[in-house]
Amino acid sequence: MLDVALISNLPNFDDFSRPELEAFISQSRARHVKKNEYFFSEGDPAECFYLLLDGYIRVVRISPAGEQVIVRYIASNELFGIAHAIGRDTYPANAIATVDCVALAWPMSLWNKTVQKHPSFAQVANSTVGSRLMDVQERVIELATEQVEHRVAMALMNLVKQTGKEVEEGILIDIPLTRQDVSDMTGTTLHTVSRLLSGWEQSGLVKSSRKRVIVTNKEKLLALTTNGR
DNA sequence: TCATTAATTGCCC
DNA sequence: GGGCAATTAATGA
């Protein structure tokens, strides 16, 4: 089976034997979701957990004021929709395909069994939950205390880490990314983001065009994330 | 080509 | 910095 070769190297499956892995995968269903369509919405019953094979997903919540907030992006080979790992039976946010995506979906009823039987899987699940929690906490502090310029620089660096792709001019953030998206991540407005990016483009830190951002000077951008004032 | 969606900029708070 | 409006640019049907 093609899928086995694709994922057998992931740390999630270190302690699966080949037949175990094949059996596990045979219980999943491949789900293709087109750009801008939903894997699931906030509050939906958490019927499945997923492993993203290809694409990028943005995790979005709607604030009480009705504004959309991009909580994070999910890249390929990450688990998502793992509501049971945090003791929920509904999904805590919307998961929207940023580009065309392919994921494997397992019925949530398999979650407990899998975690109990396979420490490697449990460990990846735990560290996924843990590092996402850390991210959220860091961002709450950031939003409350840091300058906008600092936050935007931080958001771009995180995207570089997750989705960065080497190109001639620098590192491309490999998802369609609008100014609006960046402002939804950093709690600013698209205007401010546009102005910041224009300024950075002038000084040679980034290069941007419609839905595309290339970081041309990672060091300087990184410097903005550490002092920022 | 036209309609839609994104991005920029200037002005004011 | 944010909000708004006008303008321009890119894109996809």
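Below, chains carry the letters A, B, ... as their sequence lines are ordered, and counting in each starts from 1. All of these numbers come straight from a predicted model, not from anything done at the bench.
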Could you state the [atom1]-[atom2] distance from [X] to [N], rounded to the nearest angstrom?
X: A/Arg179; N: C/dG1; atom1: CZ; atom2: P; value: 18 Å
X: A/Leu196; N: C/dG1; atom1: CG; atom2: P; value: 7 Å
X: A/Lys35; N: C/dT11; atom1: NZ; atom2: P; value: 11 Å
X: A/His191; N: B/dT9; atom1: NE2; atom2: C1'; value: 11 Å
X: A/Leu177; N: B/dA6; atom1: CG; atom2: P; value: 12 Å
X: A/Glu201; N: B/dA7; atom1: CD; atom2: P; value: 12 Å
X: A/Leu190; N: B/dT5; atom1: CG; atom2: C1'; value: 12 Å
X: A/Arg212; N: B/dA6; atom1: CZ; atom2: C1'; value: 15 Å

query: Any idea which of B/dA6, C/dC4, C/dG2 is nearest the A/Thr192 side chain?
result: C/dG2

- prompt: Nearest of B/dA6, B/dT9, C/dG2 to any side-chain atom of A/Val148?
  reply: C/dG2

query: Any side-chain N or O of A/Gln180 less than 4.0 Å from the OP1 or OP2 oxygen of B/dT5?
result: no

- prompt: Under 4.0 Å between a side-chain N or O of A/Ser198 and OP1 or OP2 of B/dT9?
  reply: yes

A/Glu78 bridged to A/Arg132 by N-O distance under 4.0 Å: yes

- prompt: Any Lys/Arg nitrogen of A/Lys207 or A/Glu201 sitting under 4.0 Å from an Asp/Glu carboxylate oxygen of the other?
  reply: no

message: side chain to side chain contact (heavy atoms under 4.5 Å, CB included), that's the test. Do A/Val4 and A/Arg18 meet it? Break it down for me.
response: CA-CA 9 Å; A/Val4 178; A/Arg18 189 80 182 189; 3.4 Å; yes

message: According to a hydrophobic-cluster definition based on side-chain heavy atoms being under 4.5 Å apart (Ile, Leu, Val, Met, Phe, Trp, Tyr only), do A/Val99 and A/Tyr73 belong together?
response: yes

- prompt: Relative to the ring of A/Phe16, is the ring of A/Phe24 parallel (under 30°), tilted (30 to 60°) or perpendicular (over 60°)?
  reply: tilted

task: Give one of base, sugar-phosphate or nothing for A/Arg210, where a contact means two heavy atoms less than 4.0 Å apart.
output: base

message: Counting distance alone, no hydrogens or angles: does the base of C/dG3 have a donor or acceptor under 3.5 Å from a partner atom on the side chain of A/Arg195?
response: yes

